[in-house]
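So that the names make sense, note that chain A is the first sequence line, chain B the second, and so on, each numbered from 1.
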4 protein chains.
Amino acid sequence: MSEDAISTARPGRPRSEKTRLAILEAAADLLLANGFADATIEAIAARAGVSKVTIYKWWPSRGAVAIDAYFHRFLQTTVFPDSGSTVDDITSQVLHLIETFRGRAGEVMAELLGQAQLDSALSEVLRERWLQPRRALSTAVLQRGIERGEIRSDVTVTVVLDEIYGPVYFRLMTRLHPLSDEFATELVRNVLRGVAP
Amino acid sequence: MSEDAISTARPGRPRSEKTRLAILEAAADLLLANGFADATIEAIAARAGVSKVTIYKWWPSRGAVAIDAYFHRFLQTTVFPDSGSTVDDITSQVLHLIETFRGRAGEVMAELLGQAQLDSALSEVLRERWLQPRRALSTAVLQRGIERGEIRSDVTVTVVLDEIYGPVYFRLMTRLHPLSDEFATELVRNVLRGVAP
Amino acid sequence: MSEDAISTARPGRPRSEKTRLAILEAAADLLLANGFADATIEAIAARAGVSKVTIYKWWPSRGAVAIDAYFHRFLQTTVFPDSGSTVDDITSQVLHLIETFRGRAGEVMAELLGQAQLDSALSEVLRERWLQPRRALSTAVLQRGIERGEIRSDVTVTVVLDEIYGPVYFRLMTRLHPLSDEFATELVRNVLRGVAP
Amino acid sequence: MSEDAISTARPGRPRSEKTRLAILEAAADLLLANGFADATIEAIAARAGVSKVTIYKWWPSRGAVAIDAYFHRFLQTTVFPDSGSTVDDITSQVLHLIETFRGRAGEVMAELLGQAQLDSALSEVLRERWLQPRRALSTAVLQRGIERGEIRSDVTVTVVLDEIYGPVYFRLMTRLHPLSDEFATELVRNVLRGVAP
DNA sequence: CTCTAACCGAGACGGTACGTCTCGTCTTTTG
DNA sequence: CAAAAGACGAGACGTACCGTCTCGGTTAGAG
């Protein structure tokens, strides 16, 4: 959708990178300012100085624009060093995630996840570009833990991943309790104790 | 919102219970048939043979109607017996929940939770009338577990609750992996092993 | 479409006469100011302080609104007295018509007739509400002429009507030559001489 | 506009005649198939396998293309012989015209005349290239009639021309009555009787 | 036999208006 | 006097064409 690195010159006027960025910036601004509800295609087009058709040309729905805009602002799949301790590594990852989620980025992510429940294409994009890359990092850490003997080898890794991330997103979306550092620390400690040999 | 039990005869024509039920039935039908997106106020009014104003009179938003309709169809806070084993009790509760979530009711609940991210009043209602009652039941079970010495007394109960329900709702909303019985069983076993003394 | 005089009170909020008039006035203003091209539904709605849906509710197309607006401003089927002379009576009618057509009303009528070529519903309305009533008046005059013996009884009245009005509308639409009084006078004289006994 | 006969070879690639014809053929096809409304610049370009810019390069508006396309298909200023009788000569011309107008060509001409009411450049082209050439032929016939003494010398020729062609175009555009041969015959007879000495 | 000017296709783009949808409010008549 | 019927203003939706603007590539006469 935007990662085209095709250098083989195609006929016709090439897509304007300036326009693409203007749209993403405008959408991100609106998203952060007033949330998803106000980030309408019309508002984005107006703010970016762009025609609606141009947006529809490249994105199938406003949800898709919103996600791209969100990634444009917040995406950075931080790579964490191997500390030698599974608990510490996972805790680092979770603390980093909830740090992001405590701010405006968390509210917007909640809205995007919410919208994804009504739009399966959006759901797909979120899974592929947001959730999976983060799970992949944690999967590697858990794998190392198993190899080191810190984690039982008969556990199902995907279940453990859900035990870690499920509660985080649950707190994000239900707002029953805050995403505090204490929560993260106890969560990871409990989970890993539960899968220790 | 709909549970008014005011029996003190007020002047004027009393609220029609028939109308209230017609609205809830219509909303539930639409919700199950085509999901939240199609359960518009206009569609509900048309199907219930009721005027839009009547709906607005008693519910503040279509999300509120949807939730009432959902509860009208699915709400039954099953009370589970004390089996003597914390793992078994919690497992029973979780299995019962995901059994519900595997059907159409799960898809609709996901949509409602999604919509709640864009509507804080909805979020409130979901917390109060859906999430909290179920957590209360599990809290009691966990409490018994602590008293029996099956669970360490220094754990934070709310964190454990999130460890149990977070993964369930996470799978419901992300659809990364299925809500299978095996998942539920391993999840509860892992969690409780993690908080065992 | 707008001439409903149904007094049998129907349920529901009645159509707002104020709104109807606001739409017609706005459309007429725009029509006279910048012509048909500028009298878009959006512009009419904006000027009348009315929603587009309300316009679409009562008129099927902007052409239909334009015609109603035109009639709202210009419609007055003047009845002419019987002078005793067919030539004088027809000349009076034609002079009166071209008098109207020489002004802005003529340009707008030309545009409406033009638009009617692309919209058969419009064409229908123009025939029924504009052309036919005027032809009916002239038909009566010609009939009197036949009875008096001023016109041959074997002529086809519709052909004579076309001989009178055809050239008028032809000049209106082609602008080859002006709609002068001299033209009208010579036209009617020639035509009636051609059908004299 | 398209009849450039400039043979003085200019530098650069010359205009492609193949392209010009492809555009006219495509436009004519669309015009006959679905009428003026569907003969959009985009549709013509797509059907001709030509870029929009190329069309805009050579024609100022879609109306202009449409007229050129119409002429490309239908234009043939038939020259009629002098039969010695003014009535017969004019009748021949009118019968030939309405013969054309009774088919699809008539509907398209009506649409073009309609569109010309909203586009003065179009109006100009229609006058110059369609109406005037035909009037010139009839003017010659009428002139001969005056010289022969069949027509009074004090009549205004342009008025008589309007008396002949006005009713034809009036019937074409209003569709009040059909363009039958009987109509044409009676029309011409009446008109010429009206200007006989 | 290259240079260069014009032509041409493909297609991106800003813009205007379209006709539709749903919302939440308002205004009547009916039971 | 509640409820139904339905008119209404507001505003976003997604689409259709418009006319303009790059691009890359072609085509021919002029140097």
Q: Please tell me which of A:V53 and B:T54 maps to the more 5' nucleotide of DNA chain F, matching each residue to the nucleotide holding its nearest heavy atom.
A: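 With A:V53 and B:T54 compared, the 5'-side residue is B:T54.
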Q: Starting from C1' on E:dG14, measure out to NZ on A:K18 and report it in whole angstrom.
A: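 Computing the A:K18:NZ to E:dG14:C1' distance gives 12 Å.
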Q: Step by step, would you call A:R73 with A:D29 a salt bridge (Lys or Arg N to Asp or Glu O under 4.0 Å)?
A: CA-CA 9 Å; A:R73 276 283 163 86; A:D29 289 351; 2.6 Å; yes
Q: Hey, does the side chain of C:E111 reach the backbone of D:L118 with a donor-acceptor pair shorter than 3.5 angstrom?
A: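 No.
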Q: Which ones in residues 33-47 of chain A lie close to DNA chain F, meaning a heavy atom under 4.0 Å from one of its atoms?
A: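 Under 4.0 Å from DNA chain F: A:T40, A:I41, A:E42.
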Q: Within the 4.0 Å heavy-atom criterion, would you say D:S51 contacts the bases, only the backbone, or no part of the nucleic acid?
A: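 Base: the residue D:S51, judged by heavy atoms under 4.0 Å, touches a nucleobase.
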Q: Between B:Y70 (side chain only) and B:L31 (backbone N and O only), is there a donor and an acceptor less than 3.5 Å apart?
A: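 Answer holds: no.
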Q: Step by step, would you call A:L21 with A:H72 a side chain to side chain contact (heavy atoms under 4.5 Å, CB included)?
A: CA-CA 9 Å; A:L21 289 176; A:H72 180 67; 3.6 Å; yes
Q: Go nucleotide by nucleotide along DNA chain E from the 5' end; which of D:V50 and A:T19 gets its closest nucleotide reached first?
A: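 In this pair, the answer is D:V50.
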Q: Would you say F:dC8 has OP1 or OP2 under 4.0 Å from some side-chain N or O of C:W58?
A: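 C:W58 to F:dC8 OP1/OP2: side-chain N or O found under 4.0 Å.
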Q: What protein N or O atoms touch nucleotides 26-28 of chain F N or O atoms at under 3.5 angstrom, if any, and at what distances?
A:
unit_1: F:dT26; atom_1: O2; unit_2: D:R13; atom_2: NH1; d: 2.8

Q: If you compare all heavy atoms of C:R20 against all heavy atoms of C:R15, which two are closest, and at what distance to 0.1 Å?
A: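 Scanning both residues, the minimum pair turns out to be CG-NH2, 3.2 Å.
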Q: Let me see the working for D:E25 and D:R47 under salt bridge (Lys or Arg N to Asp or Glu O under 4.0 Å), right down to the final yes or no.
A: CA-CA 9 Å; D:E25 291 294 343; D:R47 176 172 251 269; over 6 Å; no
Q: Would you kindly give the OH-to-P distance between A:Y56 and E:dC13, to the nearest whole Å?
A: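 Answer to the nearest Å: 16 Å.
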Q: Quick one: which of E:dG9, E:dA6, E:dC13 gets closest to the side chain of D:K57?
A: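 My answer, after comparing the listed nucleotides, is E:dA6.
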Q: Can you find an N or O donor on one side and an acceptor on the other, under 3.5 Å apart, linking the side chain of B:K52 with the base of F:dG6?
A: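 It does not, because no donor-acceptor pair links the side chain of B:K52 to the base of F:dG6 below 3.5 Å.
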Q: Checking A:Q115 side chain against A:G63 main chain: does a donor-acceptor pair fall under 3.5 Å?
A: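 No.
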Q: 5'-most contact on DNA chain E: B:R62 or D:E17, nearest heavy atom basis?
A: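 The residue mapped nearer the 5' terminus is D:E17.
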Q: Counting only pairs under 3.5 Å, give me each side-chain donor-acceptor contact of residues 121-128 of chain A, with atom names and distances, residues two or more places apart or in other chains.
A:
unit_1: A:S123; atom_1: OG; unit_2: A:R127; atom_2: NH1; d: 3.2
unit_1: A:E124; atom_1: OE1; unit_2: A:R127; atom_2: NH2; d: 3.1
unit_1: A:R127; atom_1: NH1; unit_2: B:T174; atom_2: O; d: 2.8

Q: Could you check how far CD of C:Q115 sits from P of E:dC18, rounded to whole Å?
A: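 Going from CD in C:Q115 over to P in E:dC18 covers 11 Å.
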Q: Identify the heavy atoms of A:L24 and A:D68 that sit nearest to each other, and give their distance.
A: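 Taking A:L24 first and A:D68 second, the nearest heavy atoms are CD2-CB, 3.7 Å.
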Q: Rounded to whole angstrom units, what separation is found between the CG atom of A:L30 and the P atom of F:dA12?
A: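 Interatomic distance, CG of A:L30 to P of F:dA12: 11 Å.
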